[in-house]
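Read through the structure below, which is laid out as structure tokens, and then see the notes.
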2 protein chains.
Amino acid sequence: FIEQLPSIRETIRNATFFAIDCEFTGLASDRTIFPFDTPEEVYLKMVENSPHYIIIQFGLCAFRVEPQEAGKEKEGEEAKDTEPRVSYKCFNFFCYPKGRTNVFSCQGESMRFLADNGFDFNRLFREGLSYANEIDEQRYRADLRERQVSRAATILAAAEEESNDEEPKADVNAIPVPVELQQQLDDTAESIEEFLQSDRPELIVGKGNAFQRKLIYQLIEQRFQRKVSTSTVSLENNQKAIKVERKRTYEEEQAFDDQRRARENEDLETSIGMSLVLQELSKARKLIIGHNMLLDLFYVLRQFFKPLPADYQEFKRITKEYFPLLLDTKYLCTNAEIKVNVNSSVLAHVYDAVSQPPFSIPTVHPELPDHQYSVDDEKKHEAGYDAYLTGLCFLGLVSRFKVNLLQLHKDTTLRHYMNRIFITRLNDVNYIYLNGKE
Amino acid sequence: FIEQLPSIRETIRNATFFAIDCEFTGLASDRTIFPFDTPEEVYLKMVENSPHYIIIQFGLCAFRVEPQEAGKEKEGEEAKDTEPRVSYKCFNFFCYPKGRTNVFSCQGESMRFLADNGFDFNRLFREGLSYANEIDEQRYRADLRERQVSRAATILAAAEEESNDEEPKADVNAIPVPVELQQQLDDTAESIEEFLQSDRPELIVGKGNAFQRKLIYQLIEQRFQRKVSTSTVSLENNQKAIKVERKRTYEEEQAFDDQRRARENEDLETSIGMSLVLQELSKARKLIIGHNMLLDLFYVLRQFFKPLPADYQEFKRITKEYFPLLLDTKYLCTNAEIKVNVNSSVLAHVYDAVSQPPFSIPTVHPELPDHQYSVDDEKKHEAGYDAYLTGLCFLGLVSRFKVNLLQLHKDTTLRHYMNRIFITRLNDVNYIYLNGKE
């Protein structure tokens with residue numbers, strides 16, 4: 001993932017608009033929502049009784065719209081000179097939190113639904129990406145920085161002490177060695193002496209329990225401090241042990257620490273994982289399309305950015321801060337002109353409807369074979385596929401308004417649908433308007 | 001599963017003792033447990049702060065001990081005439097709750113641990129068995145019985161009404177038909193008339209919305225009550241519709257209902273699923289062996305029987321009620337004689353230790369190829385394999401005491417270890433004694 005990240009980021013930077021879709025471990029109950037609730041009431045209810053379900057698959061389809069190349073038209077192509085070229089690249093990310101303290105909820109029915117639709121849970125739990133919200137990310141970064149600074153200081157202090165060339169002090173806090181372990185410790189000391197005479201690069205000792213290792217560390221500090229460096233290693237069966245190497249010089253020690261720091265920094269990026277993609281998506285400040293995207297939006301904010309605020313206006317504010325331009329195709333389907341030909345706003349039904357006149361979906365070109373989908377090879381309820389389909393539906397729906405795809409945000413009809421997120425089951429105002437009062 | 005259930009039950013009835021092991025979606029935190037807590041304090045803490053983790057894999061290894069057949073000994077076998085023959089049959093059940101209201105928790109680390117050990121989550125969520133604790137089971141059974149009784153009454157009432165041969169009454173509560181739907185309804189009426197003239201066995205109508213179907217039911221009641229029977233069906237895309245068939249006679253209606261009842265009863269058994277196996281296991285009242293089985297016991301009781309009580313004595317009482325004879329091999333490892341040769345009580349280490357003198361594991365014979373394991377084909381952390389390994393460890397450990405496997409419960413040494421469940425991290429009394437005070 002870390003290797004692919006630069007290319008993912010570039011795709012996001014080069015895109016014109018995005019379609020997204022998420023798969024969850026459960027759906028917040030909508031039983032508490034009544035037909036005449038206001039959008040604010042719906043929001044508050046959802047924040048209150050939303051168990052800790054998570055996004056386990058995030059589908060991102062990046063669409064790129066470019067003016068048709070002048071050269072190509074001449075090569076006998078059909079006369080669609082005014083139509084821009086649309087290409088896309090789809091990603092399908094698996095994610096879940098891997099830590100000991102990370103607990104999430106699952107709804108039996110949702111898991112069964114996903115399983116019935118071919119969701120690959122083995123890939124999820126084997127290869128799924130980590131993520132971190134802003135608070136956790138800041139903590140991870142601060143903790144690591146602190147650890148690295150303190151380690152650098154220790155290395156420096158050790159080097160200075162070395163040059164003082166003092167005799168090791170007798171440690172009054174030394175742990176007394178139990179009689180029954182003395183022989184074992186003597187054997188270890190002997191094997192270290194032997195190792196120092198040999199030309200082997202390293203020696204593994206201390207395969208006993210934690211207390212035995214503590215005694216060995218003490219032994220090394222007392223008798224071999226100037227001669228060997230140690231580090232803790234994990235053996236195959238999770239057994240811990242001590243790796244003994246010849247004492248490194250200050251320069252070697254620093255080079256060693258540089259390597260370690262680089263590895264730690266990469267591990268940190270890995271543990272922030274998916275959030276890096278979402279951060280890039282937020283930074284792009286481009287149009288993001290979803291179909292019935294309220295829950296997706298809720299879960300994305302909570303999982304990758306920050307907890308959902310208890311205040312409705314604050315929710316609107318942070319949503320716009322992270323995603324300034326959203327469009328919900330389910331809400332777009334409430335348009336009177338569209339409604340005539342699209343009588344069900346279920347995603348697959350919308351696709352069927354917009355595949356026929358008076359709509360027309362422009363040809364979309366996959367940028368890379370690894371990131372393409374086909375509507376013939378149905379992968380319903382795979383997030384990447386649903387994101388792709390949402391994008392196609394959007395393109396189909398807006399064909400009705402003869403929208404200029406190169407200037408989406410300037411379209412006056414579309415502007416009425418921007419930042420209005422559809423809410424199901426409401427009779428009255430059936431959307432949340434992020435830019436102001438509903 | 002329902003087809004295999006009788007054979008599973010028979011295996012349980014014929015077994016001499018069982019070994020069990022479970023895999024969970026998470027482990028109750030042991031951070032709150034201190035070395036000098038009493039067993040009661042540990043119990044209460046675990047009940048209090050145990051999120052809703054569940055058992056997703058239940059391994060059951062049924063061992064059967066029989067006297068060596070007299071005939072076989074003569075056939076030149078080794079002279080082990082006093083040793084009984086041990087055979088086994090292992091089961092590895094996947095389970096999770098499938099309903100809409102069933103929410104369970106997962107710990108990221110546990111899921112990753114299982115995934116790393118090859119746990120098949122796709123099988124879990126595609127084929128996993130349902131289960132129900134006693135309260136849910138009683139409710140399911142009562143609900144179904146009520147539904148069936150009321151349906152039988154309706155069928156009878158309809159038959160009696162029929163024989164009265166009254167004219168259908170004009171229904172004052174009839175829903176007025178909106179003008180725009182009248183044509184559609186007339187078309188439906190016509191198609192039913194046509195159907196009745198034809199020799200087709202059935203007709204599907206009412207593919208519209210719920211209100212349209214309501215109008216059609218009303219139409220049928222008013223005009224076709226004596227001529228057709230209806231039932232609701234689900235079409236491919238989850239669209240509901242009405243199946244219209246020629247009116248069944250009372251006898252046909254009853255036969256139809258008998259079939260339906262049989263199907264419902266089987267569905268009920270399926271939804272109680274895994275609990276039926278655990279109930280059989282409880283009914284057997286035989287020795288059940290686990291390694292470090294405290295959590296297994298907690299989760300088994302909670303998931304398949306009843307919520308864990310807030311009272312410690314009550315917990316002991318219900319545990320003995322369901323499982324009168326338990327043995328924790330981890331606690332057995334605290335035996336002084338055993339400790340000499342078994343210095344780690346991790347399951348795999350115990351197995352290695354008891355594979356050597358002074359221990360000896362008797363040969364165990366798989367009863368069926370589908371239910372066998374081999375220690376060479378390691379499937380560590382698959383519940384069925386771990387149950388099998390626990391059984392082998394038990395057999396190895398008790399070989400030290402020259403226990404008569406045919407009369408396990410009478411052994412005086414073993415009796416000291418029965419119903420004492422090991423608690424990790426305790427310095428003082430490190431077990432729960434189900435039969436009395438620790």
Side-chain angles (χ1 to χ4, degrees), chain A residues 25-31 49-54 56 94-132 207-209 212 236-239 271 343-344 346-349 352 380, chain B residues 25-31 49-54 56 94-132 207-209 236-239 271 343-344 346-349 352 378 380:
Chain A
T25 57
L27 302 176
S29 166
D30 52 10
R31 286 204 186 163
N49 44 43
S50 147
H52 205 75
Y53 299 133
I54 59 166
I56 46 176
F94 286 88
C95 61
Y96 78 103
K98 298 185 183 169
R100 163 179 276 264
T101 54
N102 293 115
V103 177
F104 58 93
S105 300
C106 302
Q107 203 171 25
E109 201 189 22
S110 290
M111 302 308 261
R112 185 173 53 164
F113 173 83
L114 289 172
D116 287 348
N117 282 285
F119 188 94
D120 191 343
F121 288 100
N122 289 339
R123 260 191 86 184
L124 168 64
F125 292 119
R126 283 171 202 167
E127 305 167 18
L129 301 170
S130 288
Y131 55 81
K207 289 186 205 168
N209 61 33
Q212 290 165 341
E236 257 183 33
N237 47 358
N238 260 327
Q239 166 77 59
S271 71
N343 45 34
S344 156
V346 169
L347 185 61
H349 301 172
D352 289 342
K380 226 155 69 178
Chain B
T25 57
L27 303 176
S29 165
D30 51 12
R31 287 203 186 162
N49 44 43
S50 148
H52 205 75
Y53 299 132
I54 58 165
I56 46 177
F94 286 88
C95 62
Y96 77 104
K98 299 187 182 166
R100 163 179 276 264
T101 54
N102 293 115
V103 177
F104 58 92
S105 299
C106 303
Q107 203 171 24
E109 202 189 21
S110 291
M111 302 308 262
R112 185 173 52 164
F113 173 83
L114 289 173
D116 287 348
N117 282 285
F119 188 93
D120 191 342
F121 288 100
N122 289 339
R123 260 191 86 184
L124 168 65
F125 292 119
R126 283 172 201 166
E127 304 167 18
L129 300 170
S130 288
Y131 55 81
K207 288 185 206 168
N209 60 33
E236 258 182 34
N237 47 358
N238 260 327
Q239 166 76 58
S271 70
N343 45 34
S344 156
V346 169
L347 185 60
H349 301 171
D352 289 342
E378 257 195 51
K380 227 155 68 178

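Everything quoted here is computed from the prediction, not taken from an experiment. Every chain is numbered from 1, with letters handed out A, B, ... down the list of sequences.
The minimum heavy-atom distance between A/Asn122 and B/Phe121, with the atom names listed, is OD1-N, 2.6 Å. Residues A/Gly108 and B/Tyr96 share a closest heavy-atom pair of O-CE1, 3.7 Å.
Using a 4.5 Å cut-off between heavy atoms, B/Phe119 contacts chain A through its backbone alone, with no side-chain atom that close.
Of the listed residues (A/Ala348, A/Ser105, A/Cys106), the one with the most heavy-atom contacts under 4.5 Å to chain B is A/Cys106. Between chain A and the options B/Asp120, B/Asp116, B/Leu124, the largest number of non-hydrogen pairs under 4.5 Å is found for B/Asp120. Of the residues considered (A/Val346, A/Val103, A/Asn102), A/Val103 shows the highest number of contacts with chain B, using heavy-atom pairs under 4.5 Å. Residue with the most contacts toward chain B among A/His52, A/Glu127, A/Arg112: A/Arg112 (heavy-atom pairs, distance under 4.5 Å).
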